[in-house]
Amino acid sequence: MAEKKSTRRRGKALEEAVLSTVWTQLNKVGYEDLTISDIATLAGTNKNTLYRHWPTKAVMVISAFSKYGPEIKFELPDTGNLRDDLFGLFDYFQMALKTLTTGMLEGVLLDRLHDITLDKVTASLGEESEDNRFAKIMHQVLDHAVDRGEVDLAHIGPSLISLPLILVASEILTKGALSDDAVSQFVDQILLPSYLNSAH
């Protein structure tokens, strides 16, 4: 008698099956009622396999959103001065946050932020890596400021590179939103003085 051929998915096939299932269920039941057990059953796998690839539900949903969700377009700000470039960067943050905290994705952001500590954010966000898009964007923003003679990049370390996103994370954790008033305070009272002082 011939052995039954295994239908267990691996690699790209597994990723496609899981993320498409997550997206379908997310649209059907919403974030709060989405369960790892249901995803495993519907995708034809098990919870241990899911956790090896996606350590939390929030990470899994964000992966599905990145693959199937609407694109959040971002154009690198280059307004001619660092202050307005920073406001342009926070405009992107606010647009992204509105997308991640409305409708079916409500709860994702807070779940994700509660998985980490600000110490971990500080340690990791300024690192250079293929996955760290934010550090690359900040370097480009500051490179423009260097070309204009506004800042000296040699005196701006990883902690200052990661500071805007740390401020956003802290604001969301404590206030649950990123207001225009908070953005103005971040730019004019914290970030701009810190970056401009590097040139002196």
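Using a 3.5 Å distance cut-off with no hydrogens or angles, the side chains of His144 and Asp147 do not pair a donor with an acceptor. Looking only at atom types and distance, the side chain of Gln94 has a donor-acceptor partner in the side chain of Asp180 under 3.5 Å away. Looking only at atom types and distance, the side chain of Asp38 has a donor-acceptor partner in the side chain of Thr35 under 3.5 Å away.
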request  = Start with the C-alpha distance between Asp33 and Lys28, add both sets of side-chain angles, then the distance that settles salt bridge (charged side-chain N to carboxylate O under 4.0 Å, His left out), and finish with yes or no.
outcome  = CA-CA 9 Å; Asp33 292 329; Lys28 184 182 295 185; over 6 Å; no
task = Start with the C-alpha distance between Phe87 and Asp188, add both sets of side-chain angles, then the distance that settles side-chain contact (heavy atoms from CB on, under 4.5 Å), and finish with yes or no.
result = CA-CA 10 Å; Phe87 274 109; Asp188 288 328; 4.3 Å; yes
key: CA sep, side-chain torsions, deciding dist, call: Glu15, Lys67, salt bridge (charged side-chain N to carboxylate O under 4.0 Å, His left out)   = CA-CA 11 Å; Glu15 179 181 345; Lys67 187 175 181 65; 5.2 Å; no
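Closest heavy-atom contact between Ser162 and Ser159: OG-O, 3.2 Å. When every heavy atom of Asn81 is checked against every heavy atom of Arg148, the shortest pair comes out as C-NH2, 3.2 Å. Contact record, Ala64 with Trp23: O-CE3, 4.0 Å, taken as the closest heavy-atom pair. Closest heavy-atom contact between Pro193 and Val187: CD-O, 3.9 Å. For the pair Lys57 and Glu32, the tightest heavy-atom approach, listed with the atom from each and the gap, is NZ-O, 3.7 Å. Taking each heavy atom of Ala145 and Leu82 in turn, the nearest pair found is CB-CD1, 4.1 Å.
Taking CG from Leu76 and CG from Leu89, the interatomic distance works out to 8.5 Å, rounded to the nearest 0.5 Å. Taking OG of Ser179 as the start and CZ of Phe186 as the end, the distance is 7.5 Å to the nearest 0.5 Å. Between atom CG of residue Leu167 and atom CG of residue Leu191 there is a gap of 5.5 Å, rounded to the nearest 0.5 Å. With values rounded to the nearest 0.5 angstrom, Leu163 atom CG is found 8.5 Å from Met138 atom CE. Here the CG-CG distance, from Leu86 to Asp91, works out to 11.0 Å after rounding to the nearest 0.5 Å. In this structure, Arg83 CZ and Leu196 CG are separated by 11.0 Å, a value rounded to the nearest 0.5 Å.
Each of Val18, Thr45, Leu19, Leu14 was compared with His53 under the side-chain contact (heavy atoms from CB on, under 4.5 Å) criterion, and only Leu14 meets it. With Tyr195 as the fixed residue, the side-chain contact (heavy atoms from CB on, under 4.5 Å) test singles out one of Ile156, Ile190, Leu153: Ile156. Partner of Met60 under the side-chain contact (heavy atoms from CB on, under 4.5 Å) criterion, out of Ile39, Leu34, Leu26: Ile39 alone.
The backbone N or O of Thr79 sits nowhere less than 3.5 Å from a side-chain atom of Asp84 that would complete a donor-acceptor pair. Looking at Ser170, its side chain never comes within 3.5 Å of a backbone N or O of Ile166 through a donor-acceptor pair. Remark: side-chain polar atoms of Tyr51 are not paired, donor with acceptor, to backbone N or O of Asn46 under 3.5 angstrom.
Aromatic pair Phe90/Phe93: ring centres closer than 6.0 Å.
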